[in-house]
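Structure, as structure tokens:
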Amino acid sequence: MSYELRAKWLESKVHKHLPGESLEQKLEERLEEDKFIKFLGKYIVGIADHIGKLVLLFFQIIFWTFRRPYDLKNINKQMNEIGVNSLVVTSLTSVSVGMVLALQMGAASKNILGEPLYVGTAVGFSMVKELGPVLTSIVIAGRVGAAITAELGTMRVTEQIDALYTLGANPVKYLVVPRFLSCVVMVPVLTVFSNILGIIGGFFVSVYKMAIPSTRYYHDIIDFMRGKDIIHGLIKCVVFGIIIALISCYKGFTTEGGAEGVGKATTQSVVISMVLILVTDTFLTNILQFIGIG
Amino acid sequence: MIKLTGIYKKFNQQEVLRGLDLTINAGETIVIIGRSGCGKSVTLKHIVGLLKPDQGAVEVDDVNIATLPPLELQSIQKKFGFLFQGAALFDSMNVSDNISFGLRTQHLMSDEKQIQARVAECLRLVGLEGIEHTMPSELSGGMRKRVGLARAIAAQPQYILYDEPTTGVDPIMSDAVNDLIINMKEKLGVTSIVVTHDMVSAYTVADRIAMMYHGMIQQIGTPREIKNTLDPIVKQFITGTAKGPITLEDRG
Ligand SMILES: Nc1ncnc2c1ncn2[C@@H]1O[C@H](COP(=O)(O)OP(=O)(O)O)[C@@H](O)[C@H]1O
Ligand SMILES: [Mg+2]
């Protein structure tokens with residue numbers, strides 16, 4: 001119903017308006033309410049629409065992943081781009097984080113207990129279960145997610161994705177599947193590297209700065225760490241890898257509006273991935289602890 | 001044969017196609033003319049199934065592709081070669097890989113020598129011999145267009161859709177492109193749909209010319225009929241005058 005029609009309709013309905021309040025005022029209010037509900041409705045429908053399309057894209061990816069022929073050349077290229085070329089950044093991040101964790105834990109336990117205790121335990125668990133997966137994923141979302149969205153978005157606005165269709169190549173199979181597989185495989189692989197490097201970073205600080213015996217640091221980790229703690233971290237990585245690939249490919253595929261559109265889509269892709277990673281992490285930790293994994 | 005019936009298409013609130021009807025017979029060359037933004041490219045994209053109509057049917061050899069599931073649509077799309085308005089070359093690949101892309105994905109040729117020979121032949125047809133290993137970013141606009149053309153014809157499709165094939169191409173090369181379009185028809189029996197603003201090219205290559213206006217076909221006829229049209233809108237367009245029933249704000 002248009003606003004004019006609705007105003008007329010309300011006019012015929014609203015007889016009992018309060019004294020001192022004009023009919024126009026009341027109508028105005030109702031119309032404002034109307035606008036708000038419309039806005040809210042549009043927003044919610046918009047989000048539902050995006051989620052639906054993401055789920056659809058996910059199923060398409062699964063379908064095309066298992067359909068022959070496998071595009072090994074492209075998969076290999078993306079594994080390199082996403083995995084190997086990210087190693088330096090993720091390593092730097094994790095070494096620094098491992099070191100700073102050891103410093104803080106050492107200082108804190110020294111203040112409270114008089115000597116640096118359980119530094120290895122703190123560094124090990126934090127890295128393996130939380131910081132390794134989350135920080136690695138966030139770095140990858142920034143580096144790789146942005147690159148994927150920018151590349152696919154540019155291909156979209158320059159009609160290269162349409163061109164793929166007309167030349168008999170399915171864009172999901174040709175573009176998305178290699179990137180998706182690479183993210184799902186490489187995020188966990190990079191996280192394992194990160195975990196090891198973080199723990200080594202913590203080791204150097206503990207041994208050389210806080211004079212903790214190296215066997216002490218080692219046992220602080222090994223005596224408490226269980227297999228399921230490691231699995232806990234790895235499950236998260238896989239989920240984060242899926243999030244990065246899905247969001248960045250979706251954002252790229254739905255880019256509109258030229259160069260400016262590509263920029264916007266890229267920013268949104270990174271922001272959405274990062275927020276989703278952190279939010280999902282909270283839920284996932286709860287769920288995994290509930291079912292007894294870590 | 002391609003048959004469009006009652007096509008409606010809206011983007012957001014903007015109605016682009018409003019009940020467009022158009023039939024393209026096998027073996028003929030149809031030229032679509034009309035103002036920029038009147039929906040010519042959108043029409044071409046409906047014909048290959050890149051866009052779906054809100055209403056109406058797009059029949060390609062008696063199959064309505066508007067309602068076809070994706071995998072079946074893909075097999076229909078193999079009948080088409082499409083030259084995009086902006087060429088749409090894959091900029092991560094060199095010219096040779098661009099042109100051979102369709103040959104490889106559709107498994108039309110497996111022998112590498114054969115593929116290279118076909119690539120060289122297509123490049124020769126568009127007057128660009130020997131640029132196989134150049135990247136698209138190193139080419140001028142007109143050259144990109146012609147590589148796009150080579151890519152569109154490489155797999156020897158039954159239908160070729162040209163979106164402004166001579167825009168950005170110098171006059172001498174334009175004439176060569178016209179010859180190419182005519183040759184494709186005469187030697188290979190290809191059905192062509194050409195979108196152009198270039199009236200010289202339109203009169204040269206067309207069996208029939210269709211003018212689009214306000215999301216519909218305003219008039220369709222042989223080049224002679226269009227030249228001698230009495231329709232004031234068509235007349236204004238083909239003579240290119242600013243005064244007439246079409247105003248400058250009216251984007252058609
Ligand atoms: N994917 C799209 N999303 C929104 N609007 C579009 C899209 N494609 C085309 N349009 C609009 O449709 C109209 C017709 O475009 P087009 O067919 O490209 O014109 P032309 O006749 O110059 O080729 C233009 O106003 C354009 O803005
Ligand atoms: Mg166009």
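Quantities reported herein were computed from a predicted structural model and do not represent experimental measurements. Chain identifiers are assigned alphabetically (A, B, ...) following the order of the sequence lines, protein sequences preceding nucleic acid strands; residue numbering begins at 1 within each chain.
Within a 6.0 Å sphere centred on CG of A/Asp49, other residues, nucleotides and ligands contribute more than 12 heavy atoms. Applying the 6.0 Å contact sphere to CD of A/Glu256 captures no more than 12 heavy atoms from other residues, nucleotides or ligands. Counting heavy-atom neighbours within 6.0 Å of B/Lys3 NZ, excluding the residue itself, gives a total of 12 or less. Environment of OH in A/Tyr165: sparse, with no more than 12 heavy atoms of neighbouring residues, nucleotides or ligands closer than 6.0 Å.
For the pair B/Ala88 and A/Glu159, the tightest heavy-atom approach, listed with the atom from each and the gap, is CB-O, 3.6 Å. Across A/Gln160 and B/Leu89, no two heavy atoms sit closer than the pair CD-O, 3.2 Å.
Centroid-to-centroid, the aromatic rings of A/Tyr174 and B/Phe90 stay 6.0 Å apart or farther.
Residues A/Thr166 and B/Phe84 are in side-chain contact: their nearest non-hydrogen atoms beyond the backbone lie under 4.5 Å apart.
Interface summary for chain B: among A/Thr154, A/Asn170, A/Leu164, the most heavy-atom pairs under 4.5 angstrom belong to A/Leu164.
The contact between B/Arg151 and chain A is made by backbone and side chain atoms together, counting heavy-atom distances below 4.5 Å. Proximity to chain B (any heavy atom under 4.5 Å) is shown, for A/Ile161, by neither the backbone nor the side chain. In this structure, no portion of B/Lys79 lies under 4.5 Å from any heavy atom of chain A.
Of the listed residues (B/Leu51, B/Val48, B/Leu50), just one forms a side-chain contact (heavy atoms from CB on, under 4.5 Å) with A/Asp162, and that residue is B/Leu50.
Contacts from residues 54-77 of chain A to chain B, taken as heavy-atom pairs separated by less than 4.5 Å, involve A/Phe63, A/Trp64, A/Arg67 in sequence order.
Listed by chain and number, the residues in a salt bridge (charged side-chain N to carboxylate O under 4.0 Å, His left out) with A/Glu260 are A/Lys264 (sequence neighbours excluded).
The closest donor-acceptor contact from the side chain of B/Thr105 to the backbone of A/Leu167 lies under 3.5 Å.
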